[in-house]
Amino acid sequence: MPDAARAPLNTPRLRFAPSPTGFLHVGSARTFIFNWLYARRNQGTMVLRIDDTDVERNTEASVQSIFDGLRWLGLNWDEEYRQSERLALHHRAAEAIFARGLAYRDFTPAHAGEDSQSGAQGAWLSNPGMREMPRAESDRRAAAGEPFALRYRVPRGEGRVLRFADGVYGEQTKLADEVEDFALLRSAGVPKDGSSSLGLWDGMPTYHLASCVDDADLRISHIIRGQDHLTNTFKHLLIFEALASEFPNFVTPQFAHLPLLVAPDGSKLSKRKHGPVVSITTYRDAGFLPQAFVNFLCLLGWSPKNDRDFLPLDEIRDLFTLEGVNRANAVINFTDEDPFDPKAVWLNAEHIRALPVEELARELEPVFRQAGFEAPREKVLAVAPLIRERIKLLRDAVQAADFFFVDELPAYDPAELIPQKGVAAMAVRVLETAQQVLAVTAFDHDALDTALRQAAASMGLKAGQAFQPIRVAVCGRKNAPPLFETLVVLGREVCLKRIGQALPKLASLA
RNA sequence: GUCCCCGUCGUCUAGCCCGGCCUAGGACACCGCCCUUUCACGGCGAUAACACGGGUUCAAAUCCCGUCGGGGACGCCA
């Protein structure tokens with residue numbers, strides 16, 4: 001593992017610190033992306049830290065799913081840590097804070113104060129009797145094995161004002177008197193041994209403590225995170241201050257809070273309430289290109305201010321600044337029928353169109369295989385340019401190109417074979433003529449173009465009218481890629497066979 | 001309840017800091033037209049917003065105050 005302390009000074013150090021309590025959330029993904037952009041834009045270091053101090057809720061499956069999601073995005077990181085492997089550091093810090101008198105033990109049974117939240121009375125600041133408890137009594141009860149949580153002793157009655165300059169929201173201030181005595185360590189059961197005179201050792205650090213200690217230890221210089229942390233920042237300021245002598249060279253990070261991503265009804269996106277639409281694997285599996293998805297997410301709460309929407313990653317990186325970040329929450333659209341924001345879909349289509357054929361083919365191959373098609377590389381390469389402008393999501397390719405791969409066309413309505421303002425007899429005539437023409441014409445675009453147009457003219461038909469029966473016979477549907485290219489990819493044999501199969505269908509309609 | 005944040009077309013946003021160039025720009029979606037062998041792409045066009053009320057000013061989307069609305073935090077979750 002790289003030694004953080006050896007990293008060059010003055011170079012920004014960013015971190016993304018997800019907690020593994022489920023799949024990677026789109027909001028988290030955006031936070032990661034913005035951190036990454038800032039780091040890469042400013043020659044900084046990107047740290048990935050798994051914040052897994054909540055043993056109750058964390059799962060290894062969730063860690064894997066976060067890695068899957070991050071890897072799919074294709075944005076790399078430079079250092080990687082797990083908070084659960086750094087508990088000793090957190091405990092040492094807690095002990096130091098306690099020793100300095102900046103924290104106290106709270107023996108109130110866990111969860112006891114929870115329902116005070118549901119009532120609508122004033123804000124809770126601390127549990128009665130705990131903050132004031134004499135040290136001797138506190139020590140005695142701890143030594144007796146009574147469980148306790150460790151709480152920060154927030155300065156009160158001094159009129160102390162906490163302040164910081166947020167990179168997005170500007171100058172922020174709050175009275176310390178309004179900050180509650182938040183927990184640093186959770187209560188533990190009876191200590192397994194008497195190893196600590198303080199009896200602190202079994203308590204798991206809370207998010208606030210672990211996060212700040214690690215930020216200090218990893219020398220994080222910029223914290224970019226969701227706006228839901230804006231008011232927590234005052235607590236973090238207090239912790240950083242208390243940690244000053246443990247990390248003498250550490251400078252309090254610069255903070256920048258991001259507007260929240262919200263559901264169409266304006267509520268915060270949640271895994272529980274909104275389901276799979278907030279998981280980035282849903283986008284991946286539907287056939288979004290990661291660069292398109294990143295593009296979309298960047299436009300939620302940030303603007304390049306140049307009227308551009310379709311932006312390749314390197315361009316976003318070069319353009320990214322905190323000044324471009326908005327303050328108002330951004331709605332991400334989805335409904336039960338259509339789980340994807342139309343703008344995300346449009347951007348994806350744009351990115352698909354921008355892909356070189358070889359790359360598109362590489363993306364398409366697994367999609368076709370998954371649909372059960374054989375999909376040899378050569379064929380996918382030939383098909384890709386024909387559907388590139390016709391699909392919005394990669395998975396659309398299955399629908400758009402199935403007839404290139406299947407042996408037998410799925411059943412279709414024979415009436416489709418009959419052109420506009422035409423009758424069955426006309427369709428029959430067209431197909432029979434086409435059989436003769438296709439049997440002798442060279443199978444390349446220009447030759448087919450010339451021959452088929454000529455045939456249409458000789459039958460006294462407009463090209464459009466003559467082409468429809470052929471298109472339907474060969475593709476099994478009216479909407480398809482341009483005819484000549486399609487015929488070429490299909491090949492003479494398949495085309496003749498399918499036209500031969502179409503003819504009898506027409507008989508019943510005559 | 002307490003504290004904090006936010007409020008420009010349906011949505012994402014430009015403009016706001018440093019009032020006039022804003023009869024408010026772009027994009028998505030929707031609608032219409034054109035191109036065209038179908039579909040799509042592309043082109044053109046239409047509809048659509050400064051939350052409200054006061055104030056300051058010759059002039060306010062832009063500055064100030066208030067109201068209303070929305071969101072967030074207030075856990076031994078993160």
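Atoms considered below: every heavy atom in the structure, side chains included; atoms not considered: hydrogens, waters and symmetry mates. Every chain is numbered from 1 and lettered A, B, ... according to where its sequence line falls, protein lines coming before strand lines.
At a cut-off of 3.5 Å, with distance as the only test, no side-chain donor of A:Asn58 or A:Asp52 sits close to an acceptor on the other residue. A donor atom on one side chain and an acceptor atom on the other are found under 3.5 Å apart for A:Tyr104 and A:Asp181. Side-chain contact, A:His90 with A:Thr53: no donor N or O sits under 3.5 Å from an acceptor N or O.
In this structure, A:His257 reaches neither bases nor backbone, as no heavy-atom distance under 4.0 Å exists between it and the strands shown. A:Arg453 comes within 4.0 angstrom of a base, heavy atoms only. Among the heavy atoms of the strands, none lies under 4.0 Å from A:Phe310. Within the nucleic acid shown, A:Thr21 has no heavy atom closer than 4.0 Å to any nucleic acid atom. Counting any heavy atom pair closer than 4.0 Å across all strands shown, A:Lys305 reaches sugar-phosphate atoms only and no base atom. Contacts of A:Lys268 with the nucleic acid, taken as non-hydrogen atoms under 4.0 Å apart, involve only primed sugar atoms and P, OP1 or OP2. A:Pro481 comes within 4.0 angstrom of a base, heavy atoms only. Using a 4.0 Å heavy-atom cutoff across all strands shown, A:Gly301 reaches sugar-phosphate atoms only and no base atom. Contact annotation for A:Gln172: backbone-only contact, meaning every heavy-atom pair under 4.0 Å involves sugar-phosphate atoms and none involves a base. If you check every strand for non-hydrogen atoms under 4.0 Å, A:Leu260 touches sugar and phosphate atoms only. Looking at heavy-atom distances under 4.0 Å, A:Gln468 makes no contact with the nucleic acid at all. Within 4.0 Å (heavy atoms only), A:Leu483 reaches at least one base atom of the nucleic acid. No contact: A:Glu323 has no heavy atom under 4.0 Å from any strand. Looking at heavy-atom distances under 4.0 Å, A:Asn232 makes contact with a base.
Taking the six-membered ring wherever Trp is involved, the centroid distance between the rings of A:His25 and A:Phe32 does not fall below 6.0 Å. Side-chain rings of A:Phe34 and A:Phe320 approach one another, their centers coming within less than 6.0 Å.
Shown here, B:C52 forms a base pair with B:G66; the pair counts as Watson-Crick or G-U wobble because both key distances fall under 3.5 Å. For B:C39, there is no paired base (Watson-Crick or G-U wobble, both distances below 3.5 Å). Nucleotide B:U2 is matched to B:A73 when pairs are restricted to Watson-Crick or G-U wobble geometry with both distances under 3.5 angstrom. Nucleotide B:C31 forms a pair with B:G45, judged by Watson-Crick or G-U wobble geometry with both contacts under 3.5 Å. Nucleotide B:C16 forms a pair with no other nucleotide shown, judged by Watson-Crick or G-U wobble geometry with both contacts under 3.5 Å. Shown here, B:C21 forms no base pair; nothing in the strands shown gives a Watson-Crick or G-U wobble contact with both key distances under 3.5 Å.
Contact of A:Arg327 with B:C6 (side chain to base): no donor-acceptor pair of N or O atoms is detected under 3.5 Å. Between the side chain of A:Thr231 and the base of B:C4 there is no donor-acceptor pair of N/O atoms closer than 3.5 Å.
Relative to the side chain of A:Lys174, the nucleotides B:G75, B:C3, B:A78 differ in distance, and B:C3 lies closest. Taking only side-chain atoms of A:Glu178, from C-beta outward, the nucleotide of B:G71, B:A27, B:C3 with the closest atom is B:C3. Listed nucleotides B:C76, B:C12, B:A29 differ in distance to A:Pro342; the shortest reach to its side chain belongs to B:A29. Comparing B:C76, B:C3, B:C5 by their closest approach to the side chain of A:Ser187 singles out B:C76. Of the candidates B:C76, B:U13, B:G72, B:C76 carries the atom nearest the A:Ala149 side chain, counting heavy atoms from C-beta on. Side-chain proximity of A:Glu350 to B:G71, B:C76, B:G42: nearest is B:G42. Counting only heavy atoms from C-beta on, A:Asp51 has its side chain closest to B:A78 among B:C12, B:C76, B:A78.
For B:A78, the OP1/OP2 oxygens have no side-chain nitrogen or oxygen of A:Asn58 closer than 4.0 Å. The phosphate of B:C76 (OP1 or OP2) has a side-chain N or O of A:Arg151 nearer than 4.0 angstrom. Put simply, A:Thr53 has a side-chain N or O that comes within less than 4.0 Å of OP1 or OP2 on B:A78. For B:G42, the OP1/OP2 oxygens have a side-chain nitrogen or oxygen of A:Arg353 closer than 4.0 Å. Contact annotation: A:Asn326 side-chain N/O to B:U13 OP1/OP2 distance is under 4.0 Å.
Per the geometry, CD belonging to A:Glu171 stands 13 Å off P belonging to B:C6, to the nearest Å. Note: CG (A:Asn348) to P (B:C12) measures 20 Å, nearest angstrom. What separates OH of A:Tyr169 from P of B:A73 is a distance of 13 Å, to the nearest Å. Across the protein-nucleic acid pair, A:Leu230 atom CG and B:A78 atom C1' stand 16 Å apart, rounded to whole Å. Atoms OH (A:Tyr207) and C1' (B:A78) sit 6 Å apart, rounded to a whole Å. Rounded to an integer number of Å, the gap from CD1 of A:Ile239 to C1' of B:A78 is 13 Å. Atom NZ in A:Lys271 sits roughly 13 Å away from atom P in B:A78 (whole-Å rounding). Regarding A:Lys392, its NZ atom lies at a distance of 11 Å from the P atom of B:C28, rounded to whole Å.
B:U23 and B:U62: their P atoms are spaced 14 Å apart (whole Å). B:A51 sits 43 Å from B:C35 when the C1' atoms are compared, rounded to a whole Å. Nucleotides B:A49 and B:U56 place their P atoms 29 Å apart, quoted to the nearest Å. Rounded to whole Å, the C1' atom of B:C33 lies 28 Å from the corresponding atom of B:U13. B:U47 and B:C64 are spaced 36 Å apart, taking the C1' atom of each and rounding to whole Å. Between the C1' atoms of B:G55 and B:G75, the separation comes to 44 Å (whole Å). The separation of B:G32 from B:C39, taken at their P atoms, amounts to 14 Å, rounded to a whole angstrom. When the P atom is compared between B:G15 and B:G25, the two are found 15 Å apart, to the nearest whole Å.
Using modelled atom types, one side-chain atom of A:Ser62 and one backbone atom of A:Thr21 make a donor-acceptor pair closer than 3.5 Å. With A:Tyr152 contributing its side chain and A:Lys235 its backbone, the two residues share no donor-acceptor pair below 3.5 Å.
The aromatic rings of A:Phe288 and A:Phe293 sit perpendicular to each other, their planes meeting at more than 60°, with 30° as the lower class boundary. The aromatic rings of A:His229 and A:His236 sit tilted relative to each other, their planes meeting at an angle between 30° and 60°.
Each of A:Asp106 and A:Ala480 was matched to the nucleotide of RNA chain B holding its nearest heavy atom; the match closer to the 5' end belongs to A:Ala480. Annotation: of the two residues near RNA chain B, A:Asp52 and A:Phe234, the 5′-most nearest-nucleotide partner is A:Phe234.
Put simply, the residue from A:Val325, A:Leu37, A:Val168 that forms a side-chain contact (heavy atoms from CB on, under 4.5 Å) with A:Trp302 is A:Val325.
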